[in-house]
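By convention in this document, chain letters (A, B, ...) are assigned in the order of the sequence lines, proteins followed by strands, and residues within each chain are numbered from 1.
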Amino acid sequence: MAVKIFFPTCCSAAESGLLIGRWISEHRSAVVLATLHFPFIPGQVKQYLARLQQSTGLSLSVLGTWSHQKAEKDEKMQSFLDDLSSIFSHRPWLRISREGSSKFWGCSIDRCDNEDQKEVVLVYYDEKKLMLSELHSVTENSEIASVFATVAKSRPLFATHKYDEGPIKLTHWQSEGVEASIIVELVKQASVPVCAVLSFLVSLLTSVCNLRVLSGKPLSFLWNKLSTSEQLGKRLEDIRLVSSAERAKDHIQFMRKSNTVVSILLDMALGILLMSWLYRENRISQLADTLMPVADRVALELQGLLQWLMGAPAGLKMNRALDEVLGRFFLYHIHLWISYIRLMSPFIEVILWYIGLSACLGLSVALSILSDIIALLTFHIYCFYVYGARLYCFKMHGLSSLWRLFRGKKWNVLRQRVDSCSYDLDQLFLGTLLFTILLFLLPTTALYYLVFTLLRLLVVLVQGVIHLIVDLLNTLPLYAMVLRLCRSYRLAAGVKFRMLEQQTGKPLRLLMQINPLPFSGVLKSYMLPSNQCCPKDSWGSLCRKLFIGELIYPWKQKGNKQD
Amino acid sequence: MGTKEFLDAHGEKITLHQEAHSVSCREFSVVCPKLSVRSVTSCTCAVWLAAYAIFAYTQNTLVLSAAIICTICGLLLYLHFMKIDQESLLLIGSLGIQLTTSFASGKESTVFIEMCRVKDVVINEAFFMQKVVYYLCILLKDPTDPKEISEIVPVFQSSKPRMDCLTDVYRSCQEILSVKSHNVATMD
């Protein structure tokens, strides 16, 4: 197997000296981290390396020599470099030499284990990018992963500065200083008290929420049904996560925290934008003025629809008496609804004004409130749907059991199966009569059921879209996406190699670059946990439920949303 | 090392470039047939004629501008995401195998598979629509059990070269892989 030398690009112009790095024997690869310049005292170098080894936990050593001849050949230097191999006893001993500004370097390996294989592959890499990037989807004993880990762990080595006085002069990557570091420092200082205040507020709010009056039976039932309270709870949990004083343990937790911070900030910013739009130019009262006529209009349309159903809808001939009864029943309901709305109308503007204030808590909270308002305002549609569905369900069950009777079978409850059964003539007669009646009445109920189910589905669809937006605001990993966009090397899916120019007789030259994680991968690995349970029903089971008239529940019961 | 012309599974001409960078490092790249001007023109013409027919019927100029925007966006998306210009396989004996797909717009997507995950490179046959096609694929080891195969990565998936081209690539790959496996055997 060839020997691979990972060489940092920033060291290629360095003065002659020693190569410092790590030898990974299982992959036969050498990761060069820095070059050490003359003059040095070998004892001090060994001490320095021992100290580094303690702080980094890596077995760093002098891997070989690096000679960079800028001008004419220096024989003395050459022999001196050769002598160094007797002082530092690393196996194998690398010798890399570069002449002038030539692209093709000479590499030779001494004291190699098996002498016949001396093929060398030179892989150039960017120290900064490798150090900062986080490798995803790592397999066990992967060579690339160990190179990444080596560079990332040797951060203390890179901390020494080029102009530092000391016995040892190194060339390696070093940061040019963080831009606007004063602001960063100030923010860091300010974040500690802010976090403390936030966590105090959160604990206060949690203790208020846990009071017995609020968590008692009637109110807790109400809280569970409202999506607003759920959203508020989720945000509270987020703030608790962000303001906790303990440091993020690993990369995933750190990303989760920062994603949460960015999502909260964006949410608040959008909410405040919405608020500034709402409270300008008297928009609230305009909204209130339009809301009432819309509700009235909906009620009127519904009335029209019922009148149409009570006649001969689409040319269908319904059962007159049943049609009349059902129609009147629903009309009375609408009447109740209209009077309820009329009663509310003077207070709508005030209510809207106060609800608009909640937008400062975030757009997601405002949207959840909107969803709750829609649920409240379309309560009559929900009621119609439930009545229709119950009637239809009752009929379907009756029909199915009577159909069994018709065939001489019955449902055995104890064994949970259909058994054959011999009925009397009277039973059969009555059953058949009832079956016929139910069958002929079915179209009327089915029509009412169909119309109200469609209305209900429309409302559920609107609410589903709103919940989808809220869910996106809650779970989108915005920080990770911005990081991927601006510093694509920070999230690495792997590496890619580029072939550089080759010359026969010289080692193979490759450039190792970072393969950034695709956006789908970013979404997959950094999506924040969502509070919304995924709908358990598939489309098929939803259709089945609709057909047999089972209720698809409103609000926040599990598995109600069809999107 | 050289350039050879072959046919792909649909009977169109493709070229295979082989380059040996060193003893244990080879690069194969298959250049797919270029996008023909005729098909682009006919597609565009068809869309525009249809749009013009609708325009003549409805007298709405929005249809024409929508058709123009649709064709431009469609062409861009096609070039950026679907039209593959070149597929290459870089085999570095001691490091691994790199698959690069370059799209017509210049976008490149690269996958690098480390040598420790590669079990073998084989030629496989498969049903594609109503034909039997051969394809080169890389077998990946299962990390828990090195004797088993966990995944199959097909190579030259869009250009679909014929058997003669694949055998050329396969032989060169096996030369490098056998040296490597021999080394591993002697080291053990």
Side-chain angles (χ1 to χ4, degrees), chain A residues 1-6 24-30 104 107 112-114 116-123 125 135 137-148 492-521, chain B residues 1 17-29 80-81 88-103 107-119 138 140-146 148 150-151 153 176-188:
Chain A
M1 239 163 108
V3 173
K4 288 142 283 183
I5 302 173
F6 291 85
I24 306 171
S25 58
E26 49 188 334
H27 301 297
R28 298 179 61 75
S29 53
F104 307 104
C107 279
C112 195
D113 297 334
N114 35 355
D116 52 328
Q117 292 156 13
K118 282 198 174 174
E119 205 197 329
V120 176
V121 180
L122 253 179
V123 183
Y125 71 92
L135 201 62
S137 72
V138 184
T139 51
E140 252 181 285
N141 80 70
S142 139
E143 176 175 9
I144 300 298
S146 51
V147 171
F148 269 68
V495 291
K496 55 185 173 189
F497 290 92
R498 225 183 61 205
M499 299 300 299
L500 299 174
E501 280 175 78
Q502 310 296 335
Q503 201 178 44
T504 45
K506 298 282 182 181
L508 191 72
R509 297 167 71 236
L510 295 168
L511 180 66
M512 186 163 87
Q513 287 167 323
I514 284 173
N515 201 1
L517 201 65
F519 278 101
S520 56
Chain B
M1 209 151 71
H17 297 281
Q18 259 192 61
E19 203 175 345
H21 296 292
S22 80
V23 185
S24 66
C25 174
R26 269 182 212 176
E27 191 171 4
F28 311 92
S29 48
H80 196 64
F81 290 110
S88 62
L89 172 81
L90 175 69
L91 189 73
I92 309 166
S94 46
L95 274 171
I97 300 176
Q98 177 169 291
L99 311 173
T100 312
T101 316
S102 7
F103 291 85
K107 189 181 93 153
E108 274 193 357
S109 71
T110 315
V111 178
F112 178 75
I113 303 166
E114 277 184 72
M115 219 30 139
C116 61
R117 288 183 66 201
V118 174
K119 188 166 173 68
I138 303 170
L140 300 190
K141 270 180 215 165
D142 199 342
T144 49
D145 182 10
E148 295 292 312
S150 68
E151 212 179 318
V153 183
I176 294 174
L177 287 178
S178 60
V179 168
K180 175 216 142 204
S181 57
H182 172 73
N183 278 342
V184 169
T186 49
M187 270 170 79
D188 289 345

So how far is it from M512(A) CE to F112(B) CZ, rounded to the nearest 0.5 Å? 9.0 Å

So what's closer than 4.5 Å to chain B heavy atoms on V495(A): side chain, backbone, both or neither? both

Against chain A, work out which of G96(B), C25(B), P143(B) has the most heavy-atom pairs shorter than 4.5 Å and name it. C25(B)

Quick one: does N515(A)'s side chain have a donor or acceptor within less than 3.5 Å of a partner on T110(B)'s backbone? yes

What verdict does the side-chain contact (heavy atoms from CB on, under 4.5 Å) test give for L95(B) and V123(A), after you've listed the backbone C-alpha separation in whole Å, the side-chain angles of each residue and the deciding distance to 0.1 Å? CA-CA 10 Å; L95(B) 274 171; V123(A) 183; 4.2 Å; yes

Distance, nearest 0.5 Å, that separates CZ of R498(A) from CD of E108(B): 9.5 Å

Quick one: do the S24(B) and E119(A) side chains pair a donor with an acceptor below 3.5 Å? yes

Minimum heavy-atom distance between S142(A) and C116(B), given as atom pair plus value: CA-SG, 4.2 Å

Using atom types as modelled and distance alone, determine if a side-chain donor or acceptor of E143(A) lies under 3.5 Å from a backbone N or O of E114(B). no

Heavy atoms only: give me the nearest L508(A)-I92(B) pair and the separation to one decimal. CD2-CG2, 4.4 Å

Quick one: OG on S22(B) to CG on L510(A), what's the gap to the nearest 0.5 Å? 8.5 Å

Supply the atom-to-atom distance K496(A) NZ to L90(B) CG, rounded to the nearest 0.5 angstrom. 13.0 Å

When rounded to the nearest 0.5 angstrom, what is the spacing between CE in M115(B) and NE2 in H27(A)? 13.5 Å

Within this structure, what is the CE-NE2 distance for the pair M499(A) and H21(B), rounded to the nearest 0.5 Å? 4.0 Å

